[in-house]
Amino acid sequence: MVTRPSIGRAALLVSGLTGVSTLLGFVRDAVIAAVYGAGPQLDAYFVALGLANIVLGLLGTSLTRASTPVLAREADGEEVCRGHRTFDVVLTRALVGIGALSVALGIAAAPVSRLLAPGLTGEAADLLVLLTRIVLVTTVLVAATDLLVAQAQAHGVFRWGALQGVPFNLVMIGCAGLLGPRIGVVALAVGFLVGSLARLALQLVPLVRHRWPVRPRLRGDSPGVREITALLPPLVLGQAMLNVNTLVDRAVASTVGEGAVSAVFLGWRLVNLPEMLVVAALVAPLYPAMAAAAAQDDGRARLRRLVHRGLAVSLTLLGPVAVVLLVAPVPVVALAFGRGAFDADAVRLTAVAVLWFVPGLLALACRQVLVSACYTVGDTRGPVAIGAVVMVVNVVGDLVLAPVLGVAGIVIATSASLLVAATLTGWWAASRHHLVPVRASALLLGRAALALLAATLLARLAVGAIDPEPVWATALLVLVTAALGYQLALAVLRAPERFVALEVVRQLVRR
């Protein structure tokens, strides 16, 4: 029997291991930027990668989200795991379905590529077709990896899933640094394929260690399979609408100018990394705990507490990060990517994306927690309906703002859509399912806004008074000032979440 860790310990474990992967992810992105710069080759790679993510989002991510609460309930209280027919059926069907879709898209790669990036022409368009066919091979590998991670988390095993980015990023760094100067951007597609194999191999370790039997099964009519099948259509529809946003973002960016796709992608990567550290690390152990609470007769009150805790931790830890990105976007981008072929123009363009992505960062963090709570009570239709509204906001924003504002217009549309999504999801979760303590959450948001304003003003004053020269000194000054200012504002407001950072440190010391 696998001993289940507490939510706090599991979150710390996942956060620590994810931190290692995230650091390597920074190195990977920095190496890629230095080798290729922001130009048509890298634009083509990111567009091809977007298509692979669309396939994974439609089937892989939807299946994982639908399966996680079911697998968590099936594994709860097991003394010895004798296998799960539900998992066997889901895994087999996922591999067959995603494999078939990837083959079809690979055959039609040329017309699909023209649709995805109408702004790429000539050699860049031909390169996009080749890259698309290579990265589509990885979709089956990544889908299998994600489902194996969900199975492990259902049994209370989190470390291997959190570590999967380590071998992947090491492979990508090696391919970009060693092969990139020789064979160009194709090295990234090859690295993505080999790195995906390494991720999958790592998830076989807990499978073997705990002797969880896995068998290929196409047919299955267990209650778990029926529940997942019922949850899947709205999830697929929701992912499809999200993918429309991605498609439109990159298609429009390809028409704005060379390097625009890369600037938007790398800007989001930089903004999203703190969210991955905080929210993804929190939600990974929180989601199974929410599912377990939802299954109990008296679990709704505990579920509300988990939701509020998730919102408090996300906003409190991401608040100072948002201040740094608002006050010093150019130094942060220069520190992260400003070397090699990534010149001053690429830095400035990416900094524009980073600046306007900041509101979306905080909105996405809140939405992740709220959507997970809705899924645990079996509601996928509400988030899907909200996703339709969000899609319209993003697409209309892209088409209206991009011709006028360029990269900034694309990013503003994305952030606006994320803010709308977080607001509507919070309203839905509170009014429909009573999953959000409304008064406490409203006070939490108010305190976070005041603390964010105070920390931003203090950081701007510090930079204006000292004006440090090296970019690392500017970024460090803003980070320290933002963290102290944010914490001081919470203390003045006597906010309960002022102890969040201290609690995290104490748990780290205990471990």
Side-chain angles (χ1 to χ4, degrees), residues 29 32 36 39-64 94-146 168 172 175 184-197 199 235-256 259-266 268-269 272 387 391 394-395 398 410 414:
D29 292 341
I32 290 174
Y36 299 102
Q41 277 202 359
L42 198 57
D43 286 353
Y45 170 71
F46 288 142
V47 171
L49 196 60
L51 179 59
N53 289 333
I54 287 170
V55 175
L56 288 169
L58 285 175
L59 296 178
T61 302
S62 300
L63 274 172
T64 301
L95 299 185
V96 172
I98 292 174
L101 180 57
S102 297
V103 169
L105 288 174
I107 294 172
V112 169
S113 297
R114 286 195 295 271
L115 177 65
L116 293 179
L120 294 181
T121 57
E123 291 183 4
D126 295 336
L127 182 61
L128 176 56
V129 174
L130 174 61
L131 295 175
T132 297
R133 287 172 174 158
I134 296 174
V135 298
L136 279 172
V137 178
T138 67
T139 55
V140 173
L141 305 175
V142 178
T145 301
D146 290 345
F168 175 81
M172 288 293 295
C175 287
V185 79
V186 175
L188 295 181
V190 173
F192 198 86
L193 175 59
V194 178
S196 298
L197 280 169
R199 289 177 60 194
L235 284 173
V236 170
L237 181 58
Q239 284 293 327
M241 290 186 292
L242 181 63
N243 290 333
V244 167
N245 291 337
T246 303
L247 282 174
V248 175
D249 283 350
R250 296 187 182 180
V252 173
S254 73
T255 66
V256 168
V261 175
S262 300
V264 172
F265 181 89
L266 290 173
W268 179 244
R269 284 285 303 164
N272 194 43
M391 179 187 69
N394 188 80
V395 172
D398 278 347
I410 296 170
T414 300

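Shown here for C175 and G191, the closest heavy-atom pair between the two residues is SG-CA, 3.5 Å. Here the closest non-hydrogen pair linking S196 and T138 is OG-CB, 3.8 Å. Between N245 and D398, the closest heavy-atom pair is O-OD2, 4.5 Å. The minimum heavy-atom distance between I32 and M172, with the atom names listed, is CD1-CE, 4.4 Å. Here the shortest heavy-atom pairing between A187 and Y36 reads CB-OH, 3.9 Å. Taking each heavy atom of V252 and T255 in turn, the nearest pair found is O-OG1, 2.6 Å.
Distance check, rounded to the nearest 0.5 Å: CZ of F192 to OH of Y45 gives 5.5 Å. Between L51 atom CG and L136 atom CG the span is 5.0 Å, to the nearest 0.5 Å. Rounded to the nearest 0.5 angstrom, N394 CG and D249 CG are separated by 4.5 Å. Interatomic distance, I134 CD1 to L49 CG, rounded to the nearest 0.5 Å: 12.5 Å. Considering CH2 of W268 and OG1 of T414, their distance stands at 8.0 Å, rounded to 0.5 Å.
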Please list every donor-acceptor pair under 3.5 Å in which a side-chain atom of residues 99-121 meets a protein atom from a residue at least two apart or in another chain.
{"unit_1": "S102", "atom_1": "OG", "unit_2": "I98", "atom_2": "O", "d": "2.9"}
{"unit_1": "S102", "atom_1": "OG", "unit_2": "T139", "atom_2": "OG1", "d": "2.6"}
{"unit_1": "S113", "atom_1": "OG", "unit_2": "A109", "atom_2": "O", "d": "2.7"}

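Ion pairing between a basic and an acidic side chain is recognised when a charged N comes within 4.0 Å of a carboxylate O; D146 and R199 show such pairing.
Taking the side chain as every heavy atom from C-beta outward, V261 and L42 never approach each other to under 4.5 Å.
Ring geometry, F46 versus F265: the interplanar angle falls under 30°, so the pair is classed parallel (tilted spans 30 to 60°).
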Worked verdict on V186 versus L127 for side chain to side chain contact (heavy atoms under 4.5 Å, CB included)
CA-CA 8 Å; V186 175; L127 182 61; 4.0 Å; yes
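For A48, the side chain to side chain contact (heavy atoms under 4.5 Å, CB included) test picks out L128, L131, T132, V135, with sequence neighbours left out. Every residue meeting the side chain to side chain contact (heavy atoms under 4.5 Å, CB included) condition with A144, not counting sequence neighbours, appears here in chain and number order: L91, L95, L200.
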